[in-house]
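Have a look at the structure below, then the notes.
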Amino acid sequence: MAHKKKISKQPKKSSKKKAKSTLGGFFALNVSLRVIKSLLLGFIVVLFLGGLLVVGIGAGYFAHLVEGTPTPTKTEMKQEVGDIAEPSKLLYADEQELATIQSDPIREKVDSDEISTWVKKALVATEDENFYEHRGVVPKAVVRALLGEVVGFGAGSGGSTLTQQLVKQQVLTNETSFKRKANEIVLAFDLEKYLSKDEILTAYLNVSPFGRNNKGQNIAGVEEAAIGIFGVHAKDLSLPQSAFIAGLPQSPIVYSPYTNTGDLKQDYSLGMARKDDVLFNMYRQQMISKKEYDEAKKYDLAKDFQARQDIEVQQHGFLYYTVYNEAISIVAKQQAEEDGVSDSEYDKDDVRSRYVEQAKVKMQNQGLVVKSTIDKNIYDAMQLGVAEYGQYLDDGSGATIEPGTVMMDNQTGRIYGFIGSRDYSTNQNNHAFDTVRQAGSSIKPVLVYGPAIDQGLLGSATRIADFPMKYQRGEHAGKELENAENKGSKTFQTAREALVESTNITAYHVYQDMLTNKGSEQFAYDNYLKKMNYPTSNTWGVESAPLGTTGISTLTEINGFQTLANGGVYQQGYMIESITDSTGKEIYKHKNDPVQVYSKATASIMNDMMRSVIDEQHTTPFKSILSGVNYSLSTADWVGKTGTTDNYADNWLIVSTPSITLGTWTGRDDNKPMNDGAGNRTATYMAYLAGRIYQVNPSVFAENEEFELADEVKQIKVSDFTGLKSGKVTHNGTTYQVPSGETTSLWAKDGPAENTYEFGIGGDDDDYKTYWNTRNKVSTKNKNTETDDDD
């Protein structure tokens, strides 16, 4: 029994140990699981907290990126996405169209109902299959694209919806940066709030590029694509045609079937393969049936491609290019100023060129309307006039004598019309604005006599030496200074006579006297010509300057005469009245900036003296020829001045009435001399030209108005012999009786001095002796009862 008990207790002990062992195993497993669970939970918590941190940092960074991004209103957003490139227009002063500036790319905007539904479906299937479900952005696509940017994962998978692409094209730039992408996302959400899906789709199809058409032009917008590739309107596109067009925006030039000449490419298979991909996308998304897919894919689309066509080139001339370039200059300068670019910085060629290129793009694509000052009737009459009467300029040598002519309003500086050359098709050099030639004697009123009278240095009857002389300094030192007709008349001319006869020696003396008196070789330029935008040059101080040896443009010289005709007030000549954008908003308006260059008194005296130039016809027969052309026009109060350079290389005639200034330069492009008689030929051309203009607009000449002396002008009686106050003079102990005779001298400032032996400007002792003796001898000869001469 004892043995049995022993035996029976043994199994119980083993079972107990086994249970204990099993229990321990479960406990260990349980502990391990709990540890693992805790670790997992902890890891998840860490990941969660880390994710929150990352999300928080990301959100903060995103907020930083979009900080300062303006939130457009619904109206602004609609305007921006719908603002397509439009051709700009140039207008005449009366708003008749002068020309259209073709946009690049060319496009035509159409409404939604003018676009085939096939195109819309094809575009959505290919570019944004979730278009009708998302609210502007697909988050997972954005993340995928961003990962592609950062680590290369998913690179090339895109991420932009059609809404984002529209925002990028129309509102933002193509800059690749996280900031632009963040702004794109924000604005895409806004766009979806403001526009319907169909409005977004229509806008996208109107603005996107579609490669080239059969004329080789860059095209944008579905309508231009439909017409330029298949010869149909966008609403009439078939399924295969729609699929082809919908595939183009991804890479327009690559997939386009045309070259830049409008010829079909030898290999356009890439575009065809792209079309098949689009069709498959439509089938995969159940937008078309299997039958429609198969038929569209098999369709011979190549037979629908339009044959090459030549571009209808719009013929342009001086007017188009002059107005266009002036508008470009204004827009470029305006943009530079908005960017805070200083004038000195803008004057640098690279800076200015950059803004000019930007302005050209703006002019081509933003539907600007440029209103010019050009009077269409006057401009056309001037072109007809030069075609009819330009031959009067020819000198018999066989060479073509060209004119550069401008007609300007005195009061405002408005340019009514101009002539660049006799025929743009044979000579594109714009002699009215671009050619720079020596001014000859036409410079004398603005450089010599105008400033001298303004400074009170002389009056209209002041006597000036006209005796043979030589240059005193510079490259011409020792060389004789000659008049056009002689080497000196060996007398003292009045200022009026000197201007009428255009003597060079007298102009030399007046100019040197003024520069010496004022102590600066640049006095006349700094105080007068500079204010009228004459070119800067160190030649304004040389001895030959009063003879017109400095080069200037026709426009510049005519603007100087406008100043005198306008009471001494300079109004810079201008050709652009205003520029408006495509919405009608005025972005530029010309503003008059009057500058009082000469006193009113001075200007009126100069006009009075220049009337004598035209009336006495010593240097130009303009008025007598004009009376034969149109007598009524010849009765207008014409004033003006001529100019001729050495060997007749240049000839000028500038005339004004109280309302307008009309002037011309004539010469050869090779700068070779013209034959004698250039002045008469120029006068004939100008008289007939004025007559032609009068036929279309007689009132512009204000023929019933007259130049009048200003109230401030001092009309002083002086000795006709000396130009000073009457009375005897004493010289070296001898008293001289001044010959009798008085005249009126016009002074703008101060007045004539008391009579003196050396009464004039310029001249030496021998000159004065000759003059006194000559005049006294004439006086004695006329008085038979007198036997003694006054020496």
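Worth knowing before you read on, the calculation uses all heavy atoms, side chains too, and leaves out hydrogens, waters and symmetry mates.
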Give a yes or no on whether a salt bridge exists between [X] and [Y], defined as a side-chain N under 4.0 angstrom from a carboxylate O.
{"X": "Arg308", "Y": "Asp310", "value": "yes"}
{"X": "Lys298", "Y": "Glu295", "value": "no"}
{"X": "Asp190", "Y": "Lys193", "value": "yes"}
{"X": "Asp343", "Y": "Lys333", "value": "yes"}
{"X": "Asp394", "Y": "Arg422", "value": "yes"}
{"X": "Arg354", "Y": "Asp350", "value": "no"}

Using atom types as modelled and distance alone, determine if a side-chain donor or acceptor of [X] lies under 3.5 Å from a backbone N or O of [Y].
{"X": "Glu224", "Y": "Ala220", "result": "no"}
{"X": "Glu129", "Y": "Thr126", "result": "no"}
{"X": "Asn130", "Y": "His134", "result": "no"}
{"X": "Glu388", "Y": "Gln383", "result": "no"}
{"X": "His431", "Y": "Asn429", "result": "yes"}
{"X": "Ser421", "Y": "Asn427", "result": "yes"}
{"X": "Tyr258", "Y": "Gln306", "result": "yes"}
{"X": "Lys197", "Y": "Phe131", "result": "yes"}
{"X": "Arg135", "Y": "Phe189", "result": "no"}
{"X": "Glu292", "Y": "Ser289", "result": "yes"}

Within-4.5 Å side-chain heavy-atom neighbours: [X] and [Y]:
{"X": "Thr202", "Y": "Asp111", "answer": "no"}
{"X": "Leu393", "Y": "Thr400", "answer": "no"}
{"X": "Met382", "Y": "Arg692", "answer": "no"}
{"X": "Thr664", "Y": "Thr666", "answer": "yes"}
{"X": "Val341", "Y": "Val351", "answer": "yes"}
{"X": "Tyr293", "Y": "Phe280", "answer": "yes"}
{"X": "Arg437", "Y": "Asn671", "answer": "yes"}
{"X": "Met407", "Y": "Ile378", "answer": "yes"}

If only side-chain N and O atoms count, and only distance matters, is there a donor-acceptor pair under 3.5 Å linking [Y] with [X]?
{"X": "Thr163", "Y": "Glu192", "result": "yes"}
{"X": "Gln334", "Y": "Tyr588", "result": "no"}
{"X": "Asp339", "Y": "Tyr355", "result": "yes"}

CD of Glu133 to OG1 of Thr161, rounded to nearest 0.5 Å, is 12.5 Å
In this structure, NZ of Lys291 is separated from CG of Asp294 (nearest 0.5 Å) by 10.5 Å
Across all chains, not counting sequence neighbours, the side-chain contact (heavy atoms from CB on, under 4.5 Å) partners of Ala125 are Asn281, Met282, Gln285, Met287
Indicate every side-chain donor-acceptor pair of residues 117-124 with a distance under 3.5 Å to a residue at least two apart or in another chain.
from   : atom 1 : to     : atom 2 : distance (Å)
Lys120 : NZ     : Ser112 : O      : 3.4
Lys120 : NZ     : Ser112 : OG     : 2.6
Lys120 : NZ     : Asp198 : OD1    : 3.0

Within 6.0 Å of [atom1] in [X], more than 12 heavy atoms from elsewhere:
{"X": "Gln96", "atom1": "CD", "value": "yes"}
{"X": "Lys89", "atom1": "NZ", "value": "no"}
{"X": "Lys591", "atom1": "NZ", "value": "no"}
{"X": "Tyr283", "atom1": "OH", "value": "no"}

Nearest heavy-atom approach of Ala296 to Pro240 is O-CB, 3.8 Å
Residues at least two apart in sequence or cross-chain that pass ring pair (Phe, Tyr, Trp, His ring centres under 6.0 Å) with Tyr324, listed by chain then number, are Tyr320
Here the side chain to side chain donor-acceptor pair (under 3.5 Å) pairs for residues 367-376, sequence neighbours left out, are Lys376-Asp380
Paired with Phe244, the ring-ring contact (aromatic ring centres under 6.0 Å, His included) test is passed by just one of Tyr255, Phe305, Tyr299, Phe210, namely Phe305
The side-chain hydrogen bond (donor to acceptor under 3.5 Å, both in side chains) partners of Thr322 (sequence neighbours excluded) come to Asn430
task: Look at the aromatic rings of Phe433 and Phe418 and report parallel, tilted or perpendicular, splitting at 30° and 60°.
output: perpendicular
Check: Using 30° and 60° as the class limits, which term best fits the ring planes of Tyr574 and His590: parallel, tilted or perpendicular?
Finding: parallel
Got a list of side-chain donor-acceptor pairs under 3.5 Å for residues 230-239, not counting sequence neighbours?
from   : atom 1 : to     : atom 2 : distance (Å)
His233 : ND1    : Glu223 : OE2    : 2.6
Ser238 : OG     : Gln241 : N      : 3.4
Ser238 : OG     : Gln241 : OE1    : 3.3

